[in-house]
Amino acid sequence: MSALALAPRGLTWLVLRQRRGAVWTGLAALFVVVVQLVILRFAMVNVIERDGLGEGCTSAGCLNATDAFRSSYGDVLHYNGLLLQFLPLVIGMIVAGPMVARELESGTFKVVWTQSVTPVRWLLAQLAVPTAAVLAGVSLLAAVYTWTWSAVPDGVLPGQIWYQSFDMLGPAPVADALAGIGLGALAGLLVRRTVGAMGLVFVGHGLLGLGLGVLRPFLVAPWTQTTPELPGLSGDDSWRFERGIITRAGERIVDAQCDVGVDPVRCLAQHGADQWYLDYHPASHLWPLEWAEAGILVAVAVLAGTAAVRLVRRMQP
């Protein structure tokens, strides 16, 4: 198949030409971020191997080297992660405002619709560029960031532990960006005003994130530890998200509140219980949780995209 046959044509080519400035800017930014992530990975690995950081690092010299590593690389890695975490929101707002709502607000869509182009075809052409960018660019960025993040041993960067970096790793930011495209298209068609549509995506994406944050611990069945003594909420790389007591009748009481100064044994007695429980996810649950959440986000993208298509069909050329 020739390169000419693979080239975009018709309305897709027109949209791509209209957005060529943004496309080239995005490609340049992607190149810069990916290159600096690769450099960051090799720089961190060099220091980690040279200073013997990670598990078993207990000497004063090693601990000082760990502090120096955190000062040099912790913030850089964190800011790269924040870029990935908030990129889906930015993509959704761009789709909602500049790409969809602005066309409707200015009336330029009428020119296209009078050229034997259906509203649905117009919408799909508008979404083709950001969807392709997400599947290619965000996937690459997420893969390289995950590869760089994985180079740091557990405990070296406490703020980068897996359950605190969830939205930055693997398929989650890619699926989130697809959801942002769907929400952006729907918001743009509903509001038809640039600023209003962007604001609606901001609120909607925030609510989606809050909902997923509540559901996330239960997307994969957690492990449960029971003990007669109060279990700690920290201590290893597991995600310990719920603690409470189990009564003799088998009832769970989450975060049992006892009087200040009451020891855990008396706390059990006050509630007629004989053991504590701790629900947690081991580090091995990272990828099952990632894929489960990605599936939900893709479903949101499909539902929002379907609603947008149905809505645009009702719009008269």
Side-chain angles (χ1 to χ4, degrees), residues 25-94 133-134 137-177 180 202 205-206 209-210 212-213 216 233-241 281 283 285-287 289-290 293-294:
T25 301
L27 287 173
L30 176 65
F31 176 80
V32 171
V33 175
V34 168
V35 168
Q36 66 89 22
L37 278 172
V38 172
I39 295 173
L40 178 62
R41 157 91 185 202
F42 285 111
M44 291 193 303
V45 168
N46 179 62
V47 175
I48 290 168
E49 293 178 349
R50 183 194 67 196
D51 297 334
L53 307 184
E55 189 174 355
C57 176
T58 56
S59 67
C62 186
L63 293 177
N64 289 335
T66 299
D67 290 339
F69 180 88
R70 292 171 180 171
S71 299
S72 299
Y73 300 105
D75 286 344
V76 178
L77 186 62
H78 180 64
Y79 290 140
N80 275 281
L82 288 180
L83 171 65
L84 259 174
Q85 182 176 352
F86 290 103
L87 186 58
L89 172 61
V90 174
I91 291 173
M93 293 176 69
I94 290 174
V134 163
V138 180
S139 296
L140 174 62
L141 189 58
V144 175
Y145 177 80
T146 303
W147 175 66
T148 302
W149 171 88
S150 66
V152 183
D154 294 335
V156 175
L157 293 177
Q160 298 297 120
I161 196 167
W162 66 272
Y163 54 83
Q164 295 175 335
S165 304
F166 196 89
D167 295 324
M168 311 170 184
L169 301 174
V174 181
D176 196 9
F202 183 85
H205 191 272
L210 289 175
L212 286 173
R216 185 175 296 156
L233 291 176
S234 61
D236 57 22
D237 62 353
S238 63
W239 178 17
R240 307 180 182 194
F241 64 90
H281 288 289
H285 283 191
L286 168 61
W287 297 116
L289 285 166
E290 282 277 345
E293 183 163 319

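Keep in mind that what you see is a predicted model, and the values were worked out from it rather than measured. Worth knowing before you read on, the calculation uses all heavy atoms, side chains too, and leaves out hydrogens, waters and symmetry mates. Quick note: residue numbers are just sequence positions, from 1.
- Side-chain atoms of Asp176 never come within 3.5 Å of backbone atoms of Ala172 as a donor-acceptor pair (strictly under, hydrogens ignored).
- Arg70 places a side-chain N or O within donor-acceptor distance of the main-chain N or O of Val156, the cut-off being under 3.5 Å.
- Heavy-atom minimum distance, Leu53 versus Ala65: CD2-CB, 3.9 Å.
- Judged by distance alone, the side chain of Ser59 and the main-chain N or O of Cys62 form a donor-acceptor pair under 3.5 Å.
- Atoms CG and CG, on Leu141 and Leu84 in that order, are 4.0 Å from each other to the nearest 0.5 Å.
- Minimum interatomic distance between Arg216 and Asp167 (heavy atoms only, all atoms of both residues): NH2-OD1, 2.9 Å.
- For the atom pair Ser165 OG and Leu77 CG, the distance stands at 7.5 Å (nearest 0.5 Å).
- The heavy-atom pair separating Pro171 from Trp287 by the smallest distance is CD-CZ3, 4.0 Å.
- The minimum heavy-atom distance between Pro88 and Pro173, with the atom names listed, is CG-O, 3.6 Å.
- For Ala142 against Val174, the heavy-atom pair with the smallest separation is CB-CG2, 4.2 Å.
- Within the 4.5 Å cutoff, no side-chain heavy atoms of Met168 are placed close to those of Trp149.
- Smallest separation of non-hydrogen atoms from Trp162 and Leu286: CE3-CD1, 3.7 Å.
- Considering CD of Gln160 and CG of Leu169, their distance stands at 9.0 Å, rounded to 0.5 Å.
- Judged purely by atom type and a 3.5 angstrom limit, Thr146 uses its side chain to pair as donor or acceptor with the backbone of Gly170.
- Contact check for Phe69 versus Asp51: no side-chain heavy atoms found under the 4.5 Å cut-off.
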Please table the atom pairs, donor to acceptor, closer than 3.5 Å between any side-chain atom in residues 233-241 and protein atoms at least two apart or in another chain.
residue: Asp236; atom: OD1; partner: Ser238; partner atom: N; Å: 2.9
residue: Asp236; atom: OD1; partner: Ser238; partner atom: OG; Å: 2.5
residue: Asp236; atom: OD1; partner: Arg240; partner atom: NH2; Å: 3.4
residue: Asp236; atom: OD2; partner: Arg240; partner atom: NH2; Å: 3.1
residue: Ser238; atom: OG; partner: Arg240; partner atom: NE; Å: 3.3
residue: Arg240; atom: NH1; partner: Gly232; partner atom: O; Å: 2.8
residue: Arg240; atom: NH1; partner: Ser234; partner atom: O; Å: 3.2

Using distance only, find each side-chain donor-acceptor pair of residues 28-46 under 3.5 Å and give its atom names and separation, not counting sequence neighbours.
residue: Gln36; atom: NE2; partner: Val33; partner atom: O; Å: 3.3
residue: Gln36; atom: NE2; partner: Asn80; partner atom: OD1; Å: 2.3
residue: Arg41; atom: NH1; partner: Trp147; partner atom: O; Å: 2.5

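- Between the NE2 atom of His205 and the CD1 atom of Ile91 there is a distance of 9.0 Å, given to the nearest 0.5 Å.
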